[in-house]
Amino acid sequence: IGIFGNVQQKSLAVVYDVAGGRVGFAQGGCA
Amino acid sequence: EGEEAHHYHTLQLTSLLPSSVCNPSALVGNKRSRGSLEVVHKHGPCSTLNEDTVKSLTVEEILTNDQSRVDSIRARLATKTGKKDILGSKATIPAKSGSTIGSGNYIVTVGLGTPAKQLSLIFDTGSDLTWTQCEPCARSCYDQKEPIFAPSKSTTYSNISCTATQCSELTSATGNDPGCSASTCVYGIQYGDQSFSVGFFGKEKLTLTSKDVVNGFFFGCGQNNQGLFGGAAGLLGLGRDRLSIVSQTANKYRKVFSYCLPSRSSSTGYLTFGSSGVGRKVKYTRLSGSSRSFYGLTLTAITVGGTKLPISPTVFQTSGIIIDSGTVITRLPPTAYSALSKAFKAQMKKYPLTRSLSILDTCYDLTNYQTVEIPKISVLWGGNTLVEIAPQGILYANGVSQVCLAFAPNGDDSD
């Protein structure tokens with residue numbers, strides 16, 4: 001299995017919409 | 001020059017190194033009233049876990065722990081899919097590896113009980129059960145920063161009986177069947193690095209913020225706790241299973257949560273429950289995978305410096321990919337990693353290569369540089385969702401003399 005680790009998640013807002021069956025990323029959302 | 005700037009990041013090397021001064025994010029303060037918790041790096045200056053309770057890990061130790069976590073995730077997935085896992089059969093991985101802990105670098109502080117006691121918990125999307133150490137620590141408790149939670153001093157704590165539905169749900173949430181002691185449900189969870197927590201399964205009031213209170217939250221009240229939890233009072237499980245905080249608060253927050261990890265260990269991030277804090281610029285990709293715990297994604301391509309790597313889509317389809325807040329370094333199928341490393345090296349050829357750092361084998365000695373120009377890396381998720389990785393997510397520095405590409409290969413494309 002490949003794993004998208006937490007170093008790559010830095011500076012990206014990560015959104016888990018589990019009920020909607022989707023994961024989102026937003027640039028600039030952490031500034 | 002314009003085209004080159006479009007495909008490269010130019011960054012100060014000091015931005016990759018830890019700072020000794022906490023510089024909290026202003027964004028967190030604005031969000032606090034909307035179901036938001038502050039996320040801090042356990043070993044950074046914004047953490048209140050002091051040196052007495054948290055032993056700072058070396059980069060090598062962090063990466064070794066990270067490998068334990070990845071091995072554990074692979075073992076769990078292999079068990080569920082019936083795949084033979086070669087590594088999982090070795091003595092390094094317990095047969096019943098319940099979950100994963102690894103380095104667990106990010107923590108949030110919540111309130112538990114009545115009156116609420118503040119507890120710093122490791123923030124983990126790769127496991128489900130939330131637990132904390134509990135008095136009287138019948139067998140063993142490790143050192144933690146805050147006073148250990150005492151259920152006898154809370155007016156809202158109650159034990160869960162062995163016959164309760166939630167007790168039987170521990171099997172999938174922890175990977176272990178629950179026990180029973182004097183009619184009280186007993187949980188046990190063991191992590192990939194051999195850390196574990198065993199104790200009573202209980203129900204309690206959980207205070208996220210003054211406006212966000214979860215009554216009757218099911219959690220583990222640990223009486224025997226040992227391992228690499230380093231000063232944290234326990235763990236906040238944000239996985240997909242029914243006992244995770246995400247599922248337990250489904251009525252209130254509709255199974256939506258979001259976070260920003262601190263871009264440096266000296267800054268802060270946030271963890272927000274519910275959709276109120278979610279901005280409009282979010283690009284979504286479909287959640288995949290049949291795992292009850294992990295969040296599966298579909299990776300379809302990687303670009304380096306504006307050029308798409310020549311990787312067959314079947315390479316990504318064979319293994320699949322999950323997103324995990326507790327794993328430090330991204331693992332890729334070796335065929336994909338090889339293409340990534342080769343392209344990265346080709347575009348970084350003006351910088352001198354240096355020795356490997358544990359699992360990271362593409363490292364540079366940047367001692368003689370103040371700024372570095374690195375190729376942009378983007379990942380293309382299913383549904384054509386292109387996400388550019390921030391420069392802080394491309395390199396991992398062990399001082400300026402050893403700055404490494406922050407990706408590593410799996411053992412085999414079928415892993």
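As a basis for the values below, the full set of heavy atoms in this structure was taken, side chains included, without hydrogen atoms, waters or symmetry mates. Residue numbering restarts at 1 for every chain, and letters A, B, ... go by the order of the sequence lines.
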With only heavy atoms counted, which part of Leu297(B) is less than 4.5 Å from chain A, the side chain, the backbone, both or neither? side chain
Could you state the interatomic distance from CZ (Phe25(A)) to OG1 (Thr385(B)), rounded to the nearest 0.5 Å? 9.0 Å
Would you name the heavy atoms of Ser319(B) and Gly2(A) that are closest together and state the gap between them? OG-N, 4.3 Å
Apply side-chain contact (heavy atoms from CB on, under 4.5 Å) to Ala397(B) and list each qualifying residue two or more places apart in sequence or on a separate chain. Leu16(B), Leu17(B), Val403(B)
Check: Lys10(A) main-chain N/O paired with Ser263(B) side-chain donor or acceptor under 3.5 Å: no
Verify side-chain contact (heavy atoms from CB on, under 4.5 Å) between Tyr16(A) and Val246(B), making sure each step is shown before the conclusion. CA-CA 10 Å; Tyr16(A) 291 66; Val246(B) 179; over 6 Å; no
Checking Ser247(B) against chain A: side chain, backbone, both or neither under 4.5 Å from a heavy atom? neither
Mark yes or no for whether Gln27(A), through its side chain, and Lys281(B), through its backbone, hold a donor-acceptor pair below 3.5 Å. no
Sorted by chain and number, sequence neighbours left out, side-chain contact (heavy atoms from CB on, under 4.5 Å) with Asp412(B) holds for Ser414(B), Asp415(B)
Would you please test Val7(A) and Phe407(B) for side-chain contact (heavy atoms from CB on, under 4.5 Å) and show each step? CA-CA 9 Å; Val7(A) 167; Phe407(B) 290 79; over 6 Å; no
Quick one: CG on Asp17(A) to CG on Leu287(B), what's the gap to the nearest 0.5 Å? 9.0 Å
If you tally heavy-atom pairs under 4.5 Å against chain A, which of Tyr295(B), Phe316(B), Tyr259(B) wins? Tyr259(B)
To the closest 0.5 Å, what do you measure between CG (Asn6(A)) and CD1 (Ile329(B))? 8.0 Å
Rounded to the nearest 0.5 Å, the CD atom of Gln9(A) sits from the CG atom of Asp324(B) at a distance of 7.5 Å
Honestly, the part of Pro262(B) sitting under 4.5 Å from a heavy atom of chain A is backbone
Of the non-hydrogen atoms in Ile321(B) and Ile3(A), which two are nearest, and what is the gap between them? CG1-N, 3.9 Å
Need one label for Phe257(B): side chain, backbone, both or neither, based on atoms under 4.5 Å from any heavy atom in chain A. both
Would you call the rings of Phe4(A) and Trp381(B) parallel, tilted or perpendicular, taking 30° and 60° as the class edges? perpendicular
Which residue out of Gly21(A), Ala13(A), Gly28(A), Ala19(A) racks up the most heavy-atom pairs below 4.5 Å with chain B? Gly21(A)
Partner chain A: residue of Glu388(B), Arg254(B), Arg264(B) with the largest heavy-atom pair count (under 4.5 Å): Glu388(B)
